[in-house]
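Okay, structure first, notes after.
Every chain is numbered from 1 and lettered A, B, ... according to where its sequence line falls, protein lines coming before strand lines.
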Protein chains: 2
Amino acid sequence: MPQRVDHEQRRRQIGEALLRIAATRGLLAASMREVAAEAGVSLRLVQYYFHTKDELLLGSLPYLAERLGARIEARIRALGSPPAPRDVVVAALEAVLPTDQESRQIRTTYDAFYALVLADPSLAAKYEAKDPDALERFLTGQLAAAQAAGELAADHDPGHVAAGLLALTNGLGASVIGGQRSSEVATEVLDYHLDRLFRPR
Amino acid sequence: MPQRVDHEQRRRQIGEALLRIAATRGLLAASMREVAAEAGVSLRLVQYYFHTKDELLLGSLPYLAERLGARIEARIRALGSPPAPRDVVVAALEAVLPTDQESRQIRTTYDAFYALVLADPSLAAKYEAKDPDALERFLTGQLAAAQAAGELAADHDPGHVAAGLLALTNGLGASVIGGQRSSEVATEVLDYHLDRLFRPR
DNA sequence: TCGTTGATGATACGAGCGTATCAATGCCGA
DNA sequence: TCGGCATTGATACGCTCGTATCATCAACGA
């Protein structure tokens with residue numbers, strides 16, 4: 001066989017090319033030809049590794065989740081150890097909010113995928129997410145830890161608070177991307193609610 | 001001239017056909033031909049009233065805003081008069097949350113437009129919204145009134161709270177449409193936060 | 001009454017899309 | 001060494017899209 005190439009590496013190369021296009025010009029512009037050009041390969045190669053367009057789209061999504069996960073982890077690791085649960089929650093949410101170019105691109109791309117599902121709900125069924133609620137459960141755990149540490153009022157329900165914080169952050173993010181609000185103001189609103197949620201140190 | 005037809009009525013007929021398609025099959029399926037068929041007119045007529053696709057899209061958006069505004073107003077009117085500011089806020093937010101078919105369709109369609117702007121930011125510039133932040137300002141006013149009535153802690157900032165509640169509701173709505181959460185659970189999360197925000201009666 | 005003009009219809013065009021087809025290439029096991 | 005197969009390339013097909021073109025119809029002002 002010709003130079004035996006690592007399939008997974010090739011798929012990643014192509015999948016990330018798609019993400020790059022989606023982030024800058026939208027998923028609509030991410031035709032198979034465009035993806036091939038962006039990845040520096042032929043159209044046929046894209047077809048070879050992802051038999052169909054849907055496979056390409058769904059196959060690329062995990063690389064996006066990977067990027068976001070790595071970003072959050074890096075922010076948390078930067079807190080020093082052991083970090084206070086409150087600081088972990090704040091860091092994770094602020095990592096999700098679209099403030100710099102990376103987070104803006106991640107969010108824009110996620111929203112593009114969300115729109116794809118809107119248009120064709122059958123796509124959601126085909127996609128077997130590893131765990132779409134992983135972040136929310138992680139936050140729930142950290143909030144419970146914050147309660148144990150006395151940083152959060154004991155009568156709060158960590159699950160509801162985590163769901164609310166994530167929805168708040170996502171909603172703020174959408175308003176930033178939509179141009180309704182600057183990322184600075186969005187951060188201010190998020191911090192306002194976090195400050196009221198947690199007890200003063 | 002041939003039967004002088006009311007232009008505005010025709011535009012509305014076509015625009016609402018587009019909204020119907022967008023709500024059910026996505027904005028991607030809303031080609032000019034499909035819109036023409038849905039509206040029961042010829043393709044040429046769609047071109048006649050909206051010279052270009054962009055005009056059709058942007059021209060239809062106000063009808064959607066109208067629908068949402070009417071829905072919110074109806075909910076508020078149903079509260080009796082004069083309604084407590086707190087109840088107005090709750091009713092408005094619950095009207096926005098996608099719980100029944102109407103609110104689901106409205107939200108789905110809004111999100112489809114949002115995705116359109118993602119793909120082509122120049123569209124946002126072409127669209128002169130009457131007031132995209134009208135709802136947020138309305139909520140801010142109601143929250144200030146709630147403070148005056150002692151329903152809301154005096155040290156809260158109504159603007160930040162309004163922004164937060166709207167972002168929370170939008171984020172929850174997206175998770176419902178995305179299939180991550182049922183509308184019942186989303187309502188529960190929203191009510192949880194509203195209950196904690198306002199003083200017990 | 002008649003020609004001007006607003007309103008509608010039928011059809012064509014070029015581009016981009018996803019997908020399919022048919023070859024070439026080069027490495028490795030037997 | 002050689003034949004088969006994994007890998008890559010070039011190109012074609014059929015479809016739908018937005019848009020443009022040309023023709024037709026009906027009413028009102030003069």
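Summarising the geometry, the separation between CG on A/L27 and P on C/dG16 is reported as 19 Å, rounded to the nearest angstrom. Rounded to an integer number of Å, the gap from B/L28 CG to D/dC17 P is 10 Å. As a whole-Å value, the separation of B/M32 CE from D/dA20 C1' is 13 Å. To the nearest angstrom, P of C/dA7 lies 18 Å from CG of B/L43. Spacing between atom CD of A/Q47 and atom P of D/dG9 amounts to 13 Å, rounded to whole angstrom units. One can place CZ of B/R10 at 9 Å from C1' of C/dA7, the figure rounded to the nearest angstrom. In this structure, B/E34 places its CD atom 10 Å from P of D/dT16, rounding to the nearest Å. Residue A/L116 contributes atom CG, which lies 12 Å from atom P of C/dG18 at whole-angstrom precision.
The nucleotide whose nearest atom lies closest to any side-chain atom of A/Y49 is, among C/dG18, D/dT8, D/dG18, D/dT8. Comparing D/dC17, C/dT19, C/dT8 by their nearest atom to the side chain of B/L45 picks out C/dT8. Nearest to the side chain of A/H7, among C/dT8, D/dG18, D/dT7, sits D/dT7. Side-chain proximity of A/Y48 to the nucleotides D/dG18, C/dG9, D/dA6 is greatest for D/dA6.
Judged by distance alone, with hydrogens and angles left aside, the side-chain atoms of B/R71 form a donor-acceptor pair with the main-chain N or O of B/A95 at under 3.5 Å. Judged by distance alone, the side chain of B/D133 and the main-chain N or O of B/E136 form no donor-acceptor pair under 3.5 Å.
In terms of polar N and O atoms assigned as donor or acceptor, the side chain of A/R33 never comes within less than 3.5 Å of the base of C/dG16 in a complementary pairing.
With hydrogens and angles left out, the side-chain atoms of B/D54 and B/T52 include no donor and acceptor closer than 3.5 Å. For the 3.5 Å distance criterion, the side chains of A/R104 and A/Q101 fail to qualify, holding no donor opposite an acceptor.
Within 6.0 Å of the CG atom in B/L194, the count of heavy atoms belonging to other residues, nucleotides or ligands exceeds 12.
The shortest distance between the side-chain N/O atoms of B/T52 and the OP1/OP2 oxygens of D/dG18 is not below 4.0 Å. A sub-4.0 Å separation between OP1 or OP2 of C/dC17 and a side-chain N or O of A/S31 is present. Of the side-chain N and O atoms in B/R44, none sit less than 4.0 angstrom from OP1 or OP2 of D/dT24.
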